[in-house]
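Below is one structure, written out as structure tokens; the observations come after it.
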Amino acid sequence: LKVLVTGAAGQIAYSLLYSIANGDVFGKDQSVTLVMLDIAPMAGVLEGVVMELQDCALPSLKIALQVTIYQQIYEVNLTLVISTTTVEEAFADIDYAILVGAMPRRQGMERKDLLKANAKIFKEQGQALDKFAKKTVKVLVVGNPANTNCLIALTAAPSIPKDNFTCLTRLDQNRAQSQIAARLGVSNDCVSNVIIWGNHSSTQYPDVAHASVKCGDTESSVVSCVKDDNWLNGEFITTVQKRGGAVIAARKLSSAMSAAKAICDHVRDWHFGTKGDKWTSMGIYSNGSNYGIKEGIIYSVPVRIAPGGAFTAVTGLSISDFARSKMDETAEELFGEKLMAMEFMS
Ligand code: NAX
């Protein structure tokens, strides 16, 4: 497998690359060529990250050959590491593209300016996917605004099926799951089928109406165990929606360890499939047939995934009036972002 991580010199990648190189995503026995892309000014940092990967002395990683100062090719037993600042090289024949690198929001920057800067990056990367990647490539967009950046990349890569493009809402799902587990005093793996609807932003709708909690042999609905609709429809939702901001306020840096873990969860499920009747949330291309969400945006919904990666949106879930209004609000925000982004793409 050839796996590209962009933003490879950044803080999310710092945790993520270790997990991939350690076999935590694709399995310990899977050969992986790990391609690390960042922009030219970060070449030195990228080299440092490669050095650290080497110093982890992972059982399967053996560095063998250096080609140029900015394009280092390391031949290894199981994992081949290529660090580069060249788009053509980075996207050539890849099976997975984990697009983390993006323009960060600087102080005083309007949302429109952020979209403009990222429209340029994700258009270029979409074109590179179209031109250089395998047509079966699976793309996960992480860099914010993740849903709209994903839509931009998809639009710029017409030769790749739309279902090969997803964006990350797994961090939001993990945050929601862990809030419920903490409230009920159970471990995180007892809680399943939490849903994140819509945008990876503060309008997202974390929904536990169909979630369950398993203790011992018994499985019950989260709603019946929590027994507090005010909390579930109020503080729980806002805590999850604002969790990213809370981490920034505390750490003075955005979520990185938890974001890397969520990326691993997303890609592992996309590669190996979801288990039994369980589902997971991903931002996928809305074709207009799911839950009244109109066509043309990347919208997070629950999906079941077959081994190998084919996914289907979970259909037929009952939607309350409360849920409907939340789902529509986040869709509306995404159509607004799309309008702005398309202006910058032309
Ligand atoms: P950092 O600023 O630490 O790293 C970003 C890296 O991307 C930098 O090394 C930068 O040089 C590189 N980069 C910029 N433009 C590039 C390009 N055109 N090609 C390749 N590399 C490029 O940010 P980090 O904390 O790692 O976060 C990365 C992105 O993830 C941000 O946009 C952030 O907002 C987003 N997040 C998304 C999350 C999600 O759930 N979807 C959660 C975590 C995170 O906030």
Side-chain angles (χ1 to χ4, degrees), residues 4-18 35-50 70 83-91 97-106 109 111 114-129 139-153 156 165-176 196 198-202 204 206 240-249 251-267 280-283 298 300 334 337:
L4 165 67
V5 175
T6 70
Q11 54 152 2
I12 292 177
Y14 193 69
S15 298
L16 175 63
L17 292 165
Y18 169 81
V35 187
M36 299 158 54
L37 175 73
D38 211 294
I39 51 177
M42 299 301 281
V45 179
L46 205 51
E47 267 186 71
V49 177
V50 174
Y70 293 149
S83 75
T84 181
T85 55
T86 311
V87 167
E88 290 90 306
E89 184 179 38
F91 284 79
I98 306 176
L99 306 182
V100 181
M103 173 68 80
R105 191 170 188 163
R106 302 221 168 82
M109 203 176 190
R111 195 167 178 80
L114 183 74
L115 261 166
K116 189 175 179 180
N118 281 300
K120 186 171 175 295
I121 293 174
F122 285 86
K123 182 180 175 186
E124 183 193 56
Q125 297 194 346
Q127 287 168 339
L129 284 163
V139 183
L140 167 60
V141 177
V142 178
N144 278 320
N147 299 54
T148 300
N149 287 343
C150 184
L151 183 69
I152 292 166
F165 288 82
T166 63
C167 85
L168 188 75
T169 53
R170 184 61 170 264
L171 176 55
D172 307 297
Q173 180 183 308
N174 288 351
R175 287 167 172 164
I196 302 296
N199 201 358
H200 168 69
S201 76
S202 58
Q204 64 174 268
V240 176
Q241 287 173 332
K242 294 180 179 166
R243 187 68 162 185
V247 170
I248 293 175
R251 224 170 74 84
K252 316 291 179 237
L253 283 170
S254 56
S255 307
M257 180 180 21
S258 55
K261 158 70 167 54
I263 294 169
C264 293
D265 291 344
H266 179 117
V267 176
T280 187
S281 300
M282 305 198 302
I298 300 287
S300 179
L334 281 167
E337 282 184 18

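Note that ligands are numbered from 1 as they come in the structure, with each ligand's atoms numbered from 1 the same way. These numbers come from the heavy atoms of this one structure, side chains and all, not from hydrogens, waters or symmetry mates.
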The one among I121, L171, N147 that brings a heavy atom closest to atom 18 (N) of ligand 1: I121
For a 4.5 angstrom cut-off between non-hydrogen side-chain atoms, does F91 reach L37? yes
Contact between A256 and ligand 1, counting heavy atoms under 4.0 Å? no
Partner of T169 under side-chain contact (heavy atoms from CB on, under 4.5 Å), picked from I196, N199, T280, is I196
re atom 40 (O) of ligand 1, the protein heavy-atom contact at minimum distance is H200 CE1, 3.1 Å
Atoms of ligand 1 close to A259 [distance to a heavy atom under 4.0 angstrom, numbered from 1]: 43 (C)
Among Q11, H266, M42, Q204, whose heavy atom sits nearest atom 3 (O) of ligand 1? Q11
Answer whether the closest heavy-atom distance between the side chains of V49 and L17 falls below 4.5 Å. yes
Enumerate the atoms of ligand 1 whose separation from the nearest heavy atom of Q125 is less than 4.0 angstrom. 17 (C), 18 (N), 19 (N)
Residue pair G143 / N149: nearest heavy atoms and the distance that separates them: O-ND2, 2.8 Å
N144 to ligand 1: N or O pair under 3.5 Å? yes
Which pair of non-hydrogen atoms, one from V141 and one from A146, has the smallest distance, and what is that distance? CG1-O, 3.6 Å
For atom 17 (C) of ligand 1, closest protein heavy-atom neighbour: I39 CG2, 3.6 Å
Looking at ligand 1, is there an atom of it that comes within less than 4.0 Å of some heavy atom belonging to P104? no
Could you tell me whether I12 and ligand 1 have an N or O pair separated by under 3.5 Å? yes
Identify the protein heavy atom lying closest to atom 14 (C) of ligand 1, giving its residue, its atom name and the separation to 0.1 Å. A102 O, 3.6 Å
Has ligand 1 got any nitrogen or oxygen that is less than 3.5 angstrom from a nitrogen or oxygen of D38? yes
Criterion side chain to side chain contact (heavy atoms under 4.5 Å, CB included) on V240 and Q204, from CA distance to verdict: CA-CA 9 Å; V240 176; Q204 64 174 268; 3.6 Å; yes
Within-4.5 Å side-chain heavy-atom neighbours: P145 and L114: yes
State, without any angle test, whether R243 and S258 hold a side-chain donor-acceptor pair at a distance under 3.5 Å. no
Here the atoms of ligand 1 under 4.0 Å from any heavy atom belonging to A9 are 9 (O)
For ligand 1, which atoms, with element, lie under 4.0 Å from some heavy atom of S255? 43 (C)
Quick note on ligand 1: atoms under 4.0 Å from a heavy atom of G7 include exactly 6 (C), 7 (O), 12 (C), 20 (C), 21 (N)
Considering non-hydrogen atoms of the protein only, which is the closest contact for atom 5 (C) of ligand 1, and what is the distance? G10 CA, 4.2 Å
Does a side-chain heavy-atom distance below 4.5 Å link L168 with H200? no
For S254, the ligand 1 atoms with a heavy-atom partner under 4.0 Å come out as 25 (O)
Passes side chain to side chain contact (heavy atoms under 4.5 Å, CB included), I298 versus T148? Steps please. CA-CA 7 Å; I298 300 287; T148 300; over 6 Å; no
Minimum side-chain heavy-atom gap C264-L16 below 4.5 Å: yes
In terms of residue, atom name and distance, what is the protein heavy atom nearest to atom 29 (C) of ligand 1? V100 O, 3.3 Å
Mind checking what makes side chain to side chain contact (heavy atoms under 4.5 Å, CB included) contact with Q127, not counting sequence neighbours? K123, A156
May I ask which of I263, V142, V5 has a heavy atom nearer to atom 37 (C) of ligand 1 than the others do? V142
